[in-house]
Amino acid sequence: MECREVVARFFGIRDASRIAFTANATEAINLGLFGVLQPGDRVVTTSMEHNAVVRPLRALNDRGVAIDRVLADDRGIVAPSAIRKACSTGTRMLVMNHCSNVTGTLQAIEEIGPWCRNQGILFMVDAAQSAGIFPIDVETMAIDLLAVPGHKSLLGPTGTGFLYVREGLDLRPLLYGGTGNFSQSATQPAEMPERLESGTMNTIGLAGLKAGVEFIEAVGLDRVRAHEQMLLARLIDGLRQIDGVQLYGPLGSDLHGGALSFNINNFDPSLLGFRLDREYGICCRVGLHCAPEAHGTIGTLPEGTIRLSPGYFNTIEEIDVALTAIREINAVKS
Ligand SMILES: Cc1ncc(COP(=O)(O)O)c(C=O)c1O
């Protein structure tokens, strides 16, 4: 399928058949975790994970998989040295995101992956917030399992995503059934991608995903990133000038991806988000962003934060409108 080839090229995947399409990143993460881990295994993860990782790990923990969590600092940065310390002998897998959906913090996976490979620890990356913004190469980053949604920065439709599985790694399927080939056999094929793809595929969605990735290739990942960074810098600058604003994350640095979390003193983020939406037509996400442990890490429990995530199709004017709106709401409040 052409989409598989395009996605493989984009992520430095040599053999496109190692890509199993899924409905979203959550399914890809579940496939990777439940497909590999067994009772008695030990997994290391971080305090910055989305519930798409936290909850399957909890379910696996109930089945006898031991979990260790590495604490990030208050900007959401996970120190590679802390990972190395936590990955004691017998660790089967390290699973972590590349970029936080709460603070936008980018983790040093290019350093962590090769270290894991050397230690014989499987390295699984949740790239939900980085795929389509930051370059990802499964070979140089030594990624064994890469979970990606099609519907975020890869610009595909909802209902698309995939799991990359490194050659030589055999996963138990989540779903068993018809694969369109090997029909005479009552057992699930061993061949990839059929092993992990049962039932009719979301072909229309995958055509859209292919178009999305080709668009990014045509524009250039560096231009996408540069545009988003420019908007983010303007947003951060503007917010810093508003009374009572508290910003979170590695603010505008090279370690800062698309998402910016902030709060205004004594202002419920849900109310601020509601007013931005209703009164100004500005979309944002408020609360805990399906990542309560990340909010615990940066000290924003129980209310969470308000998050704005400028993307490639946003403009400077839109950032200025958002800043004016926040200023106006804050002025009336105080
Ligand atoms: C870091 C992270 N991981 C996983 C997910 C889950 O992605 P999906 O909705 O494609 O299942 C998200 C969604 O926002 C996310 O931000």
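Note that ligands are numbered from 1 as they come in the structure, with each ligand's atoms numbered from 1 the same way. Remember, predicted model here, so these are calculated numbers, not experimental data.
- By the 3.5 Å distance cut-off applied to N or O atoms, His151 is counted among the residues near ligand 1.
- Shown are Phe134, Phe162, Tyr164; of these, the ring pair (Phe, Tyr, Trp, His ring centres under 6.0 Å) with Phe11 is made only by Phe162.
- One finds the CG atom of Leu255 at 7.5 Å from the CZ atom of Arg75 (value rounded to the nearest 0.5 Å).
- Protein heavy atom in closest approach to atom 16 (O) of ligand 1: Gln129 NE2, 2.8 Å.
- Within ligand 1, counting atoms from 1 as listed, the ones closer than 4.0 Å to a heavy atom of Pro149 are 10 (O).
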For this session: Before giving the answer on side chain to side chain contact (heavy atoms under 4.5 Å, CB included), spell out for Phe10 and Ile216 the whole-Å C-alpha distance, their side-chain angles and the decisive distance to 0.1 Å.
Result: CA-CA 9 Å; Phe10 194 71; Ile216 298 165; 3.9 Å; yes
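- Considering every non-hydrogen atom in both Tyr248 and Gln246, the closest pair reads OH-CG, 3.1 Å.
- At a heavy-atom distance under 4.0 Å, atoms from both the backbone and the side chain of Thr26 approach ligand 1.
- Below 4.0 Å from some heavy atom of Ala128 lie the following atoms of ligand 1, by number and element: 1 (C), 2 (C), 3 (N), 4 (C), 5 (C), 12 (C), 15 (C).
- The minimum heavy-atom distance between Gly311 and Leu231, with the atom names listed, is O-CD1, 3.7 Å.
- Residue Ala25 has at least one nitrogen or oxygen atom sitting less than 3.5 Å from a nitrogen or oxygen atom of ligand 1, judged on distance alone.
- Here Phe215 and Phe313 bring their ring centres to under 6.0 angstrom of each other.
- Among all protein heavy atoms, the one lying closest to atom 15 (C) of ligand 1 is His50 CD2, 3.3 Å.
- Atoms of ligand 1 lying under 4.0 Å from any heavy atom of Asn24, numbered from 1 in the order shown and given with element: 8 (P), 10 (O), 11 (O).
- Here the protein heavy atom with the shortest distance to atom 14 (O) of ligand 1 is Lys152 NZ, 2.8 Å.
- Taking all atoms of both residues into account, the shortest heavy-atom contact from Ser270 to Val286 is CA-CG2, 3.9 Å.
- Of all protein heavy atoms, the one closest to atom 3 (N) of ligand 1 is Asp126 OD2, 2.6 Å.
- Within the 4.0 Å heavy-atom criterion, neither part of Glu49 lies near ligand 1.
- Residues His295 and His289 bring their aromatic ring centres within 6.0 Å.
- Interface of Ala52 with ligand 1, defined as ligand atoms under 4.0 Å from a residue heavy atom, comprises 4 (C).
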